[in-house]
Amino acid sequence: MFALIDGNNFYVSCERVFRPSLEGIPVVVLSNNDGCAIARSNEAKALGIKMGQPWHEIRHFEESAGLVALSANFALYGDMSDRMMSLAAGLGPTQEIYSIDESFIGLDGVRGDLKARALAVRSRILRWVGIPCCVGIGPTKTLAKMANHIAKMAERKSGCYPIEHAQVCDLCTLARSQVEELLAATDVGELWGIGPRIGKQLRAGGIATALQLARLDPATVRSRFSVVVERTVRELQGVACIGLEDASQPRQQIACTRSFGAPVMTYEPLAEAVSEFASRAAEKLRLQSSHAADVLVFVRTSPFRQDPQYSRSIIVPLRRPCSDTAAIVAAALLGLRAIFQPGYQLAKAGVMLMGLQPASREQLELAFDKPYAGRSKARLMQTLDAVNDRWGRGAIKVGSAKIGQVPRGWSMKQQRRTPAYTTDWAQLPIARA
DNA sequence: TCTGGGGTCCTAGGACCC
DNA sequence: TCTGGGGTCCTAGGACCC
């Protein structure tokens, strides 16, 4: 048995903790560069504002409906999340933190009235952290997710589900007929694992509700769709196919990407941005004690504009897997040089680290104890992270202006013989403080 | 004028092998 | 007219999640 605890309108709720005057009015939190809405209060949802809707399409609500828009503060949300998760963990013996605002709780072995227990945890989170939550309980993760959706909608919109399921919905204590009524009242597109594409295909085939999907034959679903949809069907039937992932797994891929506030057309500002992305990605990499084998860098124009489109990416292998900012920045810049073409209004760029592997004990020992260069590099990275942690991101950066650029007067042969990513730390310009 | 930033998993098809 | 059969690995792209 599983529970899913989920903070309501999480980013907006975090903001409201510190600005109670925002209660009861339409609020959105905006993405990077205030580009689009990434969280909406119930009042904003009632205005018809969609997830991810561009700000310029909804800003008229400022005047007409008193909409308040806030720039995102992810550091705050991360902190609030940690507090919420530690209280949510009290619901059962195991916890999987699924996203910044959701966690699954394994309920095996928990005795007594689960609904009362969930309500108590919910009110503790509300009192101590200030975040309103909803809890869904079911025999599988997919059903717990659906129960959570019911708990939220029953509270928010009267009439769509029976009001007694508001805030906490426990499918495990209901009669079969009651569960089927809830399944019948749930659109197939609301289910975990059914997105817009599959949802459309299902509806075209006459499957519009969760109940209709639950009654299909899994094998048929597998042949017509995929094992993923088949698993959803089995989970709806009460057969648990997706287990709880207790221990958090290290990431298999680390990305740092941004849209630009204004189009970028020249190499230098792009190189500066890509250096920054690569540095941030390398920090994240060291945080999980991994090494990367490859660096991917991409640039692209805005797909929403009519201008000539340009989208390229390249994967640059590192000489050997590492987590060294200098090597990763150099590789990213080498890649950027290969894919950059002037004349396009670039809207977005990013760096991804791939082929991640644990930094093994041998590698760590090698870095710290054996060759001088390796030791100093690892210590330098530790110092970099420590200083940036203490004094704020970007307090120390790796200088990048010249990395990846070819010294004046070099022949093509020399350039080919000396790829930038083989650059040693010693050859790189030292950071400015 | 202005459109997020992360992630995961699955599948199909090609290359390659014996 | 007929043109093996099976396996593995890799990659790009698609679909999904928040």
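Naming convention: chains lettered A, B, ... in sequence-line order (proteins, then strands); numbering from 1 in each chain. This is a predicted model, so every value here is computed, not measured.
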TODO: Could you check whether Leu30(A) gets within reach of a base, just the sugar-phosphate, or nothing at all, counting any heavy atom under 4.0 Å?
DONE: nothing

Task: From dC2(B), dC18(C), dT11(B), nucleotide with atom closest to Val227(A) side chain - done: dT11(B)

Open item on the list: Mind checking if Ile100(A) touches a base, just sugar-phosphate, or nothing, with heavy atoms under 4.0 Å?
Closed with: nothing

Open item on the list: Suppose you measure atom P in dT3(B) against the same atom in dC17(C); what distance do you get, rounded to whole Å?
Closed with: 25 Å

Task: Between C1' of dC18(C) and CG of Asp6(A), the distance in whole Å - done: 10 Å

Task: Sugar-phosphate, base or nothing in reach of Lys50(A), heavy atoms under 4.0 Å - done: nothing

Open item on the list: Whole angstroms only, please: what is the NZ-P distance between Lys200(A) and dG14(C)?
Closed with: 16 Å

Open item on the list: Strictly below 4.0 Å: does Lys348(A) bring a side-chain N or O up to OP1 or OP2 of dG5(B)?
Closed with: yes

- [ ] Choose from dC2(B), dG5(B), dC16(C) the nucleotide whose nearest atom is closest to any side-chain atom of Asn32(A).
- [x] dG5(B)

- [ ] Report yes if at least one side-chain N or O of Lys145(A) is closer than 4.0 Å to OP1 or OP2 of dC17(C); otherwise report no.
- [x] no

TODO: Among dT3(B), dA15(C), dC18(C), find the nucleotide with the atom closest to the side chain of Ile198(A).
DONE: dA15(C)

- [ ] Answer yes when Glu164(A) and Lys115(A) have at least one side-chain N-carboxylate O distance shorter than 4.0 Å, and no when they do not.
- [x] no

Task: Strand partner of dC18(B), provided both Watson-Crick or wobble distances fall under 3.5 Å - done: dG5(C)

- [ ] Identify which nucleotide among dC18(C), dG4(B), dC10(B) has an atom closest to any side-chain atom of Val228(A), counting heavy atoms from C-beta outward.
- [x] dC10(B)

